[in-house]
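A quick write-up on the structure given underneath.
On a predicted model such as this, the values are computed, not experimentally measured, just so you know.
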Amino acid sequence: MPQAHFYSKPTSVYWTCKALLDQRTISQLTQIQNVKGWRLGAIIHRLKHEYGWPICTEYRQPDGVALYSMPPDTDRAKLRFPKSAKALGVVEGCE
């Protein structure tokens with residue numbers, strides 16, 4: 001069976017983008033449990049600074065674990081996507 005999206009296999013970057021777009025609040029532990037990834041902080045930094053994503057960061061006390069989420073009113077069509085998550089940017093009904 002051919003792969004539908006060459007750059008859109010479930011990588012850590014793809015998983016992070018999808019989780020944020022699905023309005024999930026994620027942490028490093030969430031990423032480890034779902035995709036065995038260890039670089040969530042780096043992915044979040046890149047999405048915020050290189051791609052301009054409006055990611056919110058909250059630090060859970062007392063352990064200081066970072067929790068990441070996106071504002072509910074984020075317009076997916078206005079976001080820029082990394083190569084591995086390009087398929088998430090496709091808005092139905094648009095060409």
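- For the side-chain hydrogen bond (donor to acceptor under 3.5 Å, both in side chains) test, no residue two or more places apart in sequence or in another chain qualifies with Asp73.
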Just distance, no hydrogens or angles: give the donor-acceptor pairs under 3.5 Å from side chains in residues 30-45, sequence neighbours left out.
residue, atom, partner, partner atom, Å
Thr30, OG1, Ser27, N, 3.2
Thr30, OG1, Ser27, OG, 3.1
Gln31, OE1, Gln28, NE2, 3.1
Gln31, OE1, Leu40, N, 3.2
Asn34, ND2, Thr30, O, 2.6

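- Taking each heavy atom of Pro71 and Pro54 in turn, the nearest pair found is CD-O, 2.9 Å.
- Looking only at side-chain heavy atoms (C-beta outward), Cys56 and Tyr68 stay at 4.5 Å or farther from each other.
- In Lys48, the NZ atom is crowded: over 12 heavy atoms of neighbouring residues, nucleotides or ligands sit closer than 6.0 Å.
- Aromatic ring centres of Phe81 and Trp53 lie closer together than 6.0 Å.
- Atom CD1 of Ile26 is separated from atom CD1 of Ile55 by 7.5 Å, given to the nearest 0.5 angstrom.
- When atom types are taken as modelled, the side chain of Arg80 and the backbone of Glu50 share a donor-acceptor pair closer than 3.5 angstrom.
- Listed here is the closest heavy atom pair of Ser69 and Leu20: CA-CD2, 3.8 Å.
- The minimum heavy-atom distance linking Met70 with Gln23 is given by the pair O-OE1, 3.2 Å.
- The backbone N or O of Arg24 sits nowhere less than 3.5 Å from a side-chain atom of Asp22 that would complete a donor-acceptor pair.
- Heavy-atom minimum distance, Arg76 versus Leu88: NH1-O, 3.0 Å.
- Going from atom OG1 of Thr74 over to atom CG of Leu79 covers 6.5 Å, rounded to the nearest 0.5 Å.
- In this structure, Tyr14 and Ala85 approach most closely via the heavy-atom pair CD1-CA, 3.9 Å.
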